[in-house]
Amino acid sequence: MRYDLVIFDNDGVLVDSEPISNRMLAEYLTELGHPTTYEDSIRDFMGSAMHRVHDLIVERTGRRLPADFDETFHRRVFEAFRRELKPVPGVAAVLEELEAEGIPYCVASSGSHERIRVGLGTTGLYERFTEERIFSSQDVGRGKPAPDLFLHAARVMGFAPERCAVVEDSPLGVEAAVAAGMDVYGFTAMTPPGRLAGARSLFGDMAELPGLLFS
């Protein structure tokens with residue numbers, strides 16, 4: 001294998017959370033007087049940290065979101081996760097194959113540590129990750145598309161950036177991985193391939209990923 005470490009994004013890559021969270025975000029923003037469709041949310045916010053939501057709303061409207069926006073949004077999302085969330089089809093088999101080959105992996109997500117834990121725990125994937133292999137944008141000063149999160153994960157895990165592969169499904173995540181000097185594999189299950197043009201390779205089914213990583 002050409003890599004010493006595989007870094008997975010969480011939302012949309014490990015857990016099939018993007019349809020749920022973007023539906024909830026669009027509904028909540030619309031409720032607050034910022035009309036937003038599901039498609040708008042996917043385009044503008046998928047793969048980003050929460051501060052991007054606040055920043056774009058202020059930029060577009062001059063109005064700030066309520067002080068309890070994040071708390072209310074996460075409460076709604078976590079309730080929906082516990083009812084609906086599933087792992088991304090085929091991702092458990094990918095993790096099993098990496099384990100069989102002795103290849104370390106971790107998760108580096110724009111979401112909070114709580115969001116990551118809820119998502120992985122609800123889908124049965126948490127047991128595959130120790131806390132030492134879970135990284136959040138909360139751990140660094142700047143989230144994606146800055147490279148800080150991926151560089152932090154590689155440093156803590158003990159590997160050079162150029163020896164790391166990143167699995168991402170958002171344009172912001174691809175941009176961050178490229179800026180970190182890492183090869184990135186773009187998962188196109190929810191994202192048009194053209195929006196992940198910076199990736200080394202694109203794939204639409206998790207069953208394809210081991211062949212790309214091991215080739």
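Side-chain atoms of Glu84 do not come within 3.5 Å of backbone N or O of Ile20 as any donor-acceptor pair. With hydrogens and angles disregarded, a donor-acceptor distance shorter than 3.5 Å links the side chain of Arg2 to the backbone of Ser215. In this structure, the side chain of Asp44 does not engage the main chain of Ser41 through any donor-acceptor pair within 3.5 Å. Side chain of Arg195 to backbone of Arg43: a donor-acceptor contact under 3.5 angstrom is found. Side-chain N or O atoms of Thr123 include one that pairs as donor or acceptor with a backbone N or O of Leu120 at under 3.5 Å. Not a single donor-acceptor pair under 3.5 Å links the side chain of Asp40 to the backbone N or O of Thr36. The backbone N or O of Asp205 lies less than 3.5 Å from a partner atom in the side chain of Glu208, making a donor-acceptor pair.
Taking the six-membered ring where tryptophan is involved, the planes of Tyr105 and Phe8 are perpendicular, since the angle between them exceeds 60° and thus also 30°. Classified by interplanar angle (parallel below 30°, tilted 30° to 60°, perpendicular above 60°), the ring pair Phe78/His74 is parallel.
Every residue meeting the ring pair (Phe, Tyr, Trp, His ring centres under 6.0 Å) condition with Phe187, not counting sequence neighbours, appears here in chain and number order: Phe203.
When hydrophobic residues (I, L, V, M, F, W, Y) are linked wherever their side-chain heavy atoms come within less than 4.5 Å, the members clustered with Ile42 are Tyr38, Met46, Met190.
If you check the side chains of Ser112 and Arg117, you find no donor sitting under 3.5 Å from an acceptor. Under the 3.5 Å distance criterion, with hydrogens and angles disregarded, no donor-acceptor pair is assigned to the side chains of Asp169 and Thr191. Neither side chain, Asp139 nor Ser136, offers a donor N or O lying under 3.5 Å from an acceptor on the other.
Note on Val167 and Phe150: separate hydrophobic clusters, where clusters join Ile, Leu, Val, Met, Phe, Trp and Tyr whose side-chain heavy atoms are under 4.5 Å apart, directly or indirectly. Val166 and Ile116 sit in two unconnected hydrophobic clusters of ILVMFWY residues. Membership requires side-chain heavy atoms under 4.5 Å apart, directly or through other members. In terms of hydrophobic clustering, with Ile, Leu, Val, Met, Phe, Trp and Tyr side chains grouped at heavy-atom distances under 4.5 Å, Val77 and Leu125 are assigned to a common cluster. No chain of hydrophobic side-chain contacts below 4.5 Å, direct or via other Ile, Leu, Val, Met, Phe, Trp or Tyr residues, connects Ile7 to Leu213.
Between Arg76 and Glu31, at least one side-chain N (NZ, or NE/NH1/NH2) sits under 4.0 Å from a carboxylate O, which counts as a salt bridge. By the 4.0 Å N-to-carboxylate-O rule, Lys86 lies too far from Asp16 to be salt-bridged with it.
Aromatic pair Phe69/Tyr28: centroids less than 6.0 angstrom apart.
Both cation-pi conditions hold for Arg133 and Phe129: the charged atom is under 6.0 angstrom from the six-membered ring centre and inside a 45 degree cone around its axis.
Taking 4.5 Å as the limit, some side-chain heavy atom of Ile134 sits within range of a side-chain heavy atom of Tyr126.
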Donor-acceptor pairs are to be reported for all side-chain atoms of residues 174-183 against protein atoms at under 3.5 Å, with residues two or more places apart or in another chain.
from, atom 1, to, atom 2, distance (Å)
Asp183, OD2, Tyr3, OH, 2.6
Asp183, OD2, Arg200, NH1, 3.2

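Residue Glu71 qualifies as open at atom CD: its count of foreign heavy atoms under 6.0 Å is 12 or below.
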